[in-house]
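Every chain is numbered from 1, with letters handed out A, B, ... down the list of sequences. Bear in mind that the values here come from a model prediction, so they are computed numbers and not experimental data.
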Amino acid sequence: MAQDLIGCKLCTQTNGILTSGIIVETEVYNGRTDKACHAYSNKRTPRTQIMYEKGGIAYVYFVYGMHYLFNVVTNKKEFADAVLIRAIEPTDGLEEMYARRKMNVNGKLLTGGPARLAQALGIDKQLNGESLEGNKVWIESRNSDFEGELEATKRIGVDYAGEDANLLWRFSIIGNPFVSK
DNA sequence: CATTTGATGTTCT
DNA sequence: GAACATCAAATGC
């Protein structure tokens with residue numbers, strides 16, 4: 001799923017304004033075997049509950065006191081798996097993204113990074129649990145002429161997860177300028 | 001350039 | 001009370 005999502009277009013629409021971007025970097029989280037997952041060992045808390053729903057909805061959570069991160073819930077009901085969207089390449093609604101990010105130039109600082117893309121797309125906890133088939137947030141299929149080449153690397157910021165920190169569960173398009181380094 | 005540090009609040013123990 | 005799937009500004013070369 002994480003590999004298939006790359007090249008697809010993530011879209012949001014709030015107050016009638018469309019903003020979107022092509023997904024260029026993702027990470028996998030597995031709720032049964034992965035110490036880096038909030039739902040590791042099938043842990044259920046008010047926060048993780050949303051990951052146990054049937055796939056096709058958003059999991060949005062807050063970290064470091066100031067950032068929202070956007071994930072796609074991917075598995076069957078009761079199987080808490082998710083894919084974190086780490087970077088997108090902006091396509092629609094550039095002006096709105098500049099305003100939300102308080103910036104005025106396109107580049108990796110606009111949407112390269114999980115908290116940056118969430119801010120650019122206007123994603124916050126109100127979208128937690130939202131269907132990805134609705135009209136607030138959705139994902140469009142990859143273009144048939146998509147030619148990006150993927151690489152698998154270690155996940156970012158999960159050193160606390162012991163050996164699971166070494167899993168090659170981060171996927172990105174080789175050479176894409178919006179991918180974090 | 002690289003590295004450090006401060007901002008900030010929700011979640012879980 | 002500690003940890004946290006981060007970022008940007010400030011510092012040190």
Side-chain angles (χ1 to χ4, degrees), chain A residues 1-3 5-6 10 12 19 21 23-53 55 57-75 79-90 96-130 132 137 139 150-173 176-181:
Chain A
M1 275 295 299
Q3 296 179 64
L5 279 169
I6 290 185
L10 174 63
T12 63
T19 47
I23 298 169
V24 301
E25 180 181 354
T26 62
E27 282 181 2
V28 173
Y29 288 87
N30 178 306
R32 291 165 301 290
T33 64
D34 171 20
K35 291 191 188 69
C37 184
H38 294 157
Y40 170 59
S41 191
N42 281 319
K43 184 168 71 166
R44 282 176 186 268
T45 68
R47 182 174 63 157
T48 63
Q49 185 62 33
I50 203 69
M51 279 196 278
Y52 291 86
E53 296 298 319
I57 59 176
Y59 170 45
V60 178
Y61 66 91
F62 195 67
V63 275
Y64 294 124
M66 51 182 66
H67 299 304
Y68 291 102
L69 274 62
F70 176 84
N71 302 247
V72 177
V73 178
T74 55
N75 212 330
F79 288 78
D81 294 340
V83 174
L84 170 67
I85 308 301
R86 285 196 58 87
I88 64 174
E89 182 171 334
E96 182 67 15
M97 293 195 212
Y98 293 149
R100 289 173 182 160
R101 297 271 299 120
K102 300 187 187 347
M103 298 178 57
N104 54 24
V105 290
N106 196 353
K108 70 157 44 174
L109 293 178
L110 189 63
T111 56
R116 292 177 180 140
L117 75 88
Q119 188 180 24
L121 294 180
I123 290 168
D124 63 22
K125 71 190 312 178
Q126 296 217 305
L127 290 182
N128 191 32
E130 190 71 28
L132 298 179
V137 53
I139 293 172
L150 303 190
E151 68 178 335
T153 51
K154 290 195 286 191
R155 291 178 293 177
I156 305 293
V158 295
D159 292 344
Y160 63 88
E163 59 199 15
D164 290 338
N166 295 318
L167 294 166
L168 300 180
W169 279 5
R170 169 175 174 249
F171 299 96
S172 57
I173 299 177
N176 186 285
F178 289 86
V179 175
S180 53
K181 67 174 178 178

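Across all strands shown, B:dT8 has no partner, as no Watson-Crick or G-U wobble contact with both distances under 3.5 Å is found. Nucleotide C:dA5 forms a pair with no other nucleotide shown, judged by Watson-Crick or G-U wobble geometry with both contacts under 3.5 Å.
In this structure, A:Arg86 is not positioned above the aromatic face of A:Phe171 in the sense of NZ or CZ being under 6.0 Å from the six-membered ring centre and within 45° of the axis. Taking the ring axis of A:Tyr52 as reference, the NZ or CZ atom of A:Arg44 stays within 45° of it and closer than 6.0 Å to the ring centre.
The 5' end of DNA chain B is approached more closely, in terms of each residue's nearest nucleotide, by A:His67 than by the other of A:His67 and A:Lys125. When each of A:Arg116 and A:Ile156 is assigned the nucleotide of DNA chain C with its nearest heavy atom, A:Ile156 is the one assigned upstream, toward the 5' end. Nearer to the 5' terminus of DNA chain B, by closest-nucleotide assignment, is the contact made by A:Val63 (compared with the other of A:Val63 and A:Lys43).
Rounded to an integer number of Å, the gap from CE of A:Met103 to P of C:dC7 is 12 Å. Between A:Tyr40 atom OH and C:dA5 atom P the separation is 15 Å, expressed in whole Å. Between the P atom of B:dT10 and the CG atom of A:Asn128 lies a distance of 14 Å, rounded to the nearest Å. Here C:dA5 presents its C1' atom at 8 Å from CG of A:Asn71, a figure rounded to the nearest Å. The separation between A:Asp34 atom CG and C:dA5 atom C1' is 10 Å, rounded to whole Å. Put simply, CZ on A:Arg47 is 13 Å from C1' on B:dT13, counting in whole angstrom units. Note: CG (A:Leu84) to P (C:dT6) measures 8 Å, nearest angstrom. As rounded to whole Å, 15 Å separates atom P of C:dT6 from atom NZ of A:Lys108.
Side-chain contact check for A:His38 and A:Tyr59: at least one donor-acceptor pair (N or O, by modelled atom type) lies under 3.5 Å. No side-chain N or O of A:Thr111 forms a donor-acceptor pair with one of A:Arg116 less than 3.5 Å apart.
A:Arg44 comes within contact range of no nucleotide atom at all, as no heavy-atom separation falls under 4.0 Å. Among the protein residues, A:Ala36 comes within range of the nucleic acid bases, having at least one heavy atom under 4.0 Å from a base atom. In this structure, A:Arg86 reaches the sugar-phosphate backbone alone: every heavy-atom distance under 4.0 Å involves primed, P, OP1 or OP2 atoms, never a base.
Considering only side-chain atoms of A:Met66, the nucleotide from C:dA5, B:dT8, B:dG9 that sits closest is B:dT8. Listed nucleotides: B:dT10, C:dC4, C:dC7. Nearest to the side chain of A:Tyr64: C:dC4.
Separation of the A:His67 and A:Phe62 ring centroids does not fall under the 6.0 Å cut-off.
A donor and an acceptor atom never sit less than 3.5 Å apart when one is taken from the side chain of A:Tyr160 and the other from the base of C:dA3.
Residue A:Arg101 places at least one side-chain N or O under 4.0 Å from the OP1 or OP2 atom of C:dA8.
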